[in-house]
Amino acid sequence: MTNSEKIGPVLIAGGGPVGMTLALELARHGVASTLVERNSTTTRHPKMDLTNGRSMELFRRLGIVDAARAAGVPEDQDLDITYATSATGYLLHRFNYGPPAEFRTRSRELNDGTMTLEPPMRVSQVMLEPVLKAAIDAEPLIDVMFGWAFDSFSQDADGVSSDIVNQNSGERRTLRSQYLAGCDGGGSRVRKIAGIGLEGDFGIVPIYMVHFRSEALDVLAKFGAAYHLQTGVGTLISQNGRDIWTLHAVLPPGSDLDNVDEADLLRRFAGQDFDFEILVANHWTPHQVVADRYREGRVFLAGDAAHQFIPTGGYGMNTGVWDAADLGWKLSAVINGWGGEALLESVEERRKIALQNRDAAASNMGERFAIEGFIQQQREQFDLEAADNQSVRDAISAEIQRIGNAENESYGIEHGYRYIDSPVISYDQPDTLAPVFDRLRVQPSAYPGCRLPHFYLGDGSALYDRLGREFTLITLGTADGSALLAAAEEQGIPVDLLALGDEPSLRRLGYDFILVRPDHHIAWSGTAMPNDCAGVLARVAGHISP
């Protein structure tokens with residue numbers, strides 16, 4: 001490359017999971033990108049420990065789901081959440097969710113549209129990022145530039161000029177692209193230079209993180225394999241099901257964050273001394289903020305650059321992966337010549353989902369604090385480690401059960417979300433009510449804006465695996481979609497036909513025609529062909545201004 005060099009259509013600032021997913025999504029649609037990341041390697045810092053089912057569905061369509069699972073915790077290990085008086089004390093309550101392998105079996109047997117095609121996966125971001133990095137390195141449409149920091153940009157009517165700096169040599173280059181995607185994290189320079197603010201609450205609560213290695217399973221897994229072990233001291237995450245662990249402890253107000261005794265913190269959590277090796281330890285403070293907007297001209301935001309949540313629910317990176325899927329297909333449609341300007345404006349529909357997820361994370365935190373507060377209240381009155389206080393522990397268990405564990409059961413948030421009032425969805429359903437959103441439950445629906453429910457078809461194949469790369473028109477029974485396909489061909493909008501005949505699972509949704517976007521969301525549905533097929537297609541492809 002040389003200074004002021006014209007590159008491919010999209011420059012991606014930030015090579016974390018969201019930036020790398022966006023690059024892969026663009027490549028899937030035949031669009032080249034350049035990805036710059038200031039670090040020379042993928043992260044060595046423990047972050048994120050669950051990739052949920054919706055994100056895994058998206059990884060499946062990118063062709064990386066098997067590699068991701070190989071890097072994660074084996075599928076036969078449970079997703080259970082355990083509460084105890086201490087790691088070596090008494091069990092208080094256990095929420096049983098079973099292993100991902102069991103989820104996979106249940107999804108096929110139930111087959112009612114409420115579950116995801118892929119099970120969730122326990123995996124640390126430390127392990128996931130190298131999988132994504134290997135995938136982008138192998139993709140010829142992606143120019144990977146690790147060790148180069150995004151510095152600044154300016155834009156005009158024709159494109160974006162971005163300055164980048166080599167972290168080793170100090171060399172500066174200016175790259176010219178059509179679009180810039182800011183996937184550069186919570187402190188996003190792209191967001192700041194674009195003049196996009198954040199709204200919400202900052203510095204929610206101080207948390208101290210200790211990432212360590214230990215084979216003391218008799219201490220750390222006394223109650224059996226679990227995803228989270230929670231006590232009054234903090235939450236222990238089993239990162240690989242063997243010997244790598246992360247403890248997150250909420251510290252009391254006024255704590256000296258720079259002088260925490262990490263070893264003492266681990267021993268207090270365990271309830272005794274044990275052998276361990278501390279790998280990383282530091283304090284951090286989560287925020288609850290969402291960007292004022294996701295677009296400024298030719299510049300877009302995704303991931304932590306656009307939203308930051310407290311970790312209760314694991315919505316941070318997962319919401320970012322969904323951002324990447326949305327932004328990727330829309331940019332590609334415009335760059336490939338068949339998408340209109342309204343597609344780019346419609347990235348703001350992701351902001352509504354971020355606000356919804358931020359509220360859910362806050363609600364989850366409230367429930368977690370209510371449980372921990374009740375345990376602490378009982379601890380002040382009773383010795384919870386005393387053998388003869390089982391009745392007290394039983395009362396705590398009942399209260400935990402009453403409060404519940406929405407943090408790990410918000411399936412409506414994870415894959416039941418839908419886009420409302422989107423400018424690129426045709427809501428041609430005057431006599432049909434939209435499904436009522438429930439953050440805990442998924443109501444399978446083919447109403448426009450909803451995620452297409454996952455079903456296994458009569459031949460055993462997964463519906464998602466039968467969808468085309470761009471739009472797909474699903475027809476059921478003897479429904480004839482030729483009018484819409486002819487209009488699509490005339491307008492140059494790619495639409496594949498999936499004629500399924502008699503499929504009882506989809507029949508229950510109540511529509512003969514379902515037009516599905518590249519991101520699995522429904523662009524239009526009906527019991528008959530629309531009167532104006534060309535108009536519907538013009539809207540969903542972004543050629544009608546909001």
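All values below were derived from every heavy atom in this structure, side-chain atoms included, with hydrogens, water molecules and symmetry-related copies excluded. Worth saying up front: this structure is predicted, and the values here are computed from it rather than measured.
- Checked by atom type, the side-chain pair Ser55/Asn318 shows a donor-acceptor distance below 3.5 Å.
- Sorted by first then second residue, the ring pair (Phe, Tyr, Trp, His ring centres under 6.0 Å) pairs that include residues 333-359, not counting sequence neighbours, are Trp338-Phe471.
- Enclosure of atom CG in Asn96 by more than 12 non-hydrogen atoms of other residues, nucleotides or ligands within 6.0 angstrom is indicated.
- Listed by first and then second residue, the ring pair (Phe, Tyr, Trp, His ring centres under 6.0 Å) pairs involving residues 13-36 amount to none (not counting sequence neighbours).
- The side-chain contact (heavy atoms from CB on, under 4.5 Å) check on Asp438 picks up Leu440, Arg441, with sequence neighbours excluded.
- For Tyr227, there are no ring-ring contact (aromatic ring centres under 6.0 Å, His included) partners, not counting sequence neighbours.
- Residue Asp66 qualifies as open at atom CG: its count of foreign heavy atoms under 6.0 Å is 12 or below.
- For Asp459, the CG atom counts as densely surrounded, since its 6.0 Å shell holds more than 12 non-hydrogen atoms of other residues, nucleotides or ligands.
- Residues that satisfy the side-chain contact (heavy atoms from CB on, under 4.5 Å) test with Thr475, not counting sequence neighbours, are Leu473, Ala479, Leu497, Ala499, Phe513.
- Relative to the six-membered ring of Phe300, Lys330 misses at least one condition, a distance below 6.0 Å or an angle of at most 45° to the axis.
- Remark: His521 pairs with Arg54, Tyr417, Tyr419, Arg451, Arg517, Asp519 by the side-chain contact (heavy atoms from CB on, under 4.5 Å) rule, at least two apart or across chains.
- A donor-acceptor pair shorter than 3.5 Å can be found between the side chains of Arg176 and Ser161.
- Ring geometry, His307 versus Phe309: the interplanar angle falls under 30°, so the pair is classed parallel (tilted spans 30 to 60°).
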